[in-house]
Engineer: 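Below you'll find the structure I mean.
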Amino acid sequence: MDEDLERIEREIHLAVQTPDPYLTEIASHLVLAGGKRLRPVVAIAAAQIGGALASDDVVRGGVACELVHLGSLYHDDVIDESDTRRGVETVNAKWGNLQAILAGDFLLSKASEIAASLGTEVAGLLARTIGWLCQGEVEQLRHTYDVARSEESYLSSITGKTATLFGTAARIGGIVAGFDRPVIDTLTDWGSSFGMVFQIVDDILDITGTTERLGKPAGHDMVEGVYTLPVLRTLAMDHSVGDELAALLGKPLDTAERDKALAVVRANEGVESAATTARRFVAEAEAACDDLPPGPATVALRDAPAALLQSALAPV
Ligand code: GRG
């Protein structure tokens, strides 16, 4: 895996080089700040279920997904007016919103160029995925500060903004590796289910995590008016718990209000209830693995979602 990570790094760094040192600096900013490179790792793992090593084209396909992820983060930080990400200043904070939008667009163009070099199917898939990300984000925006937000809205938003890109990364791994259609479809299902677990875990950690672990104080989503599954489940509770939380939310929060809202969610079953939903997606991802060829890569795909959820629920 270390070797695969090096291959990923080489391709990403190559993709963000431009003839203009100013644009290169801005486009490289978040790449240099780190990140887990999960989407290319997923593409590579998916391509390896047949037992062969991932080709350079598989790595490039995974990097195309990572560049879409990065581009979406550039834009997301503008939308949220965030000033830190991955422990460094955001592009919008350092250079300004216009630069962040344009550099984000540049990353999307690089992703599209790589995808096109892998064939029309991959190019079409990546283009559709960018659209799904935007749809998921718009669904989230539409319900900002909405204490009556439905679970349907939440699930539809995280499907679009997070799960589809993991599904696409796994699918591209399968397409570029040349697998049969049913295997490609199963890999896509695995990726989408894994992506749902990933986002629910992210949302649980925003409630339970420490500032040290998160790199920002917990409760950030509630402050921003994004009511995620643990919060929606708490809002739906009776015995006045839901009413108490609803009275706090529905508007921007100061630090004391945020801490109060966090205390209400933490003291009740919202997190455990969200984890139960995450377990349903873990089971879906595991079931998909029953239809994949047996081998070490399939075992890794089977184990990853439960391990991810467990890591979020374990005390630190
Ligand atoms: C321009 C493609 C594009 C989209 C515009 C702004 C937007 C619409 C979408 C943003 C979607 C978004 C921010 C989803 C959150 C995804 C998420 C869970 C990010 C964290 O991913 P990690 O943990 O991050 O993999 P690292 O830093 O490890 O890469």
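Just so you know, ligand 1 is whichever comes first in the structure, and atom 1 is the first atom listed for that ligand. What you are looking at is a predicted structure, and each value in this text was computed from that prediction instead of being measured.
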Engineer: Among protein heavy atoms, which sits nearest to atom 5 (C) of ligand 1, and what does the distance come to when rounded to 0.1 Å?
Structural biologist: Cys134 SG, 3.8 Å
Engineer: Quick one: does any side-chain atom of Tyr227 pair with a main-chain N or O of Tyr154 as donor and acceptor, under 3.5 Å?
Structural biologist: no
Engineer: Relative to each other, are the rings of Phe198 and Phe194 parallel, tilted or perpendicular (30° and 60° limits)?
Structural biologist: tilted
Engineer: What protein heavy atom is closest to atom 16 (C) of ligand 1, reported as residue, atom name and distance in Å?
Structural biologist: Thr162 OG1, 3.7 Å
Engineer: Considering only heavy atoms, which of Gly160, Ser72, Gly131, Ser157 lies nearest to atom 6 (C) of ligand 1?
Structural biologist: Ser72
Engineer: Which protein non-hydrogen atom lies closest to atom 14 (C) of ligand 1, naming both residue and atom, and how far is it?
Structural biologist: Lys161 O, 3.6 Å
Engineer: Under a 4.0 Å N-O cut-off, is there an ion pair linking Asp76 with Lys161?
Structural biologist: no
Engineer: With Val63 as reference, evaluate Val68, Val58, Leu14, Ile8 under the side chain to side chain contact (heavy atoms under 4.5 Å, CB included) test and give the passing residue.
Structural biologist: Ile8
Engineer: Would you say that Val226 contacts Asp203 through its side chain, given a criterion of any heavy-atom pair below 4.5 Å between the two side chains?
Structural biologist: no
Engineer: For atom 1 (C) of ligand 1, what's the nearest protein heavy-atom neighbour? Residue, atom name and distance, please.
Structural biologist: His75 ND1, 3.3 Å
Engineer: Measure the distances from the heavy atoms of Phe198 to every atom of ligand 1 and state whether one is below 4.0 angstrom.
Structural biologist: yes
Engineer: With only distance considered, is Arg39 within less than 3.5 Å of ligand 1 through an N or O on each side?
Structural biologist: yes
Engineer: Record the part of Asp76 in heavy-atom contact with ligand 1 below 4.0 Å; permitted values are side chain, backbone, both and neither.
Structural biologist: both
Engineer: So is His69 polar-close to ligand 1, meaning N/O to N/O under 3.5 Å?
Structural biologist: yes
Engineer: I want to confirm something. Looking only at heavy atoms, which of Arg86, Lys36, Gln135, Glu137 is nearest to atom 29 (O) of ligand 1?
Structural biologist: Arg86
Engineer: If we ignore hydrogens and angles and just use 3.5 Å, is the side chain of Asp254 paired with the main-chain N or O of Ala256 as donor and acceptor?
Structural biologist: yes
Engineer: Check whether any side-chain heavy atom of Arg258 sits under 4.5 Å from a side-chain heavy atom of Pro217, and report yes or no.
Structural biologist: yes
Engineer: What atoms of ligand 1 come closer than 4.0 angstrom to any heavy atom of Leu108?
Structural biologist: 1 (C), 2 (C)
Engineer: May I ask you to identify, for Gln199, whether its side chain, its backbone, both or neither come under 4.0 Å of ligand 1 on a heavy-atom basis?
Structural biologist: side chain
Engineer: Salt bridge check, Glu113 against Lys110: does any charged N sit closer than 4.0 Å to a carboxylate O?
Structural biologist: yes
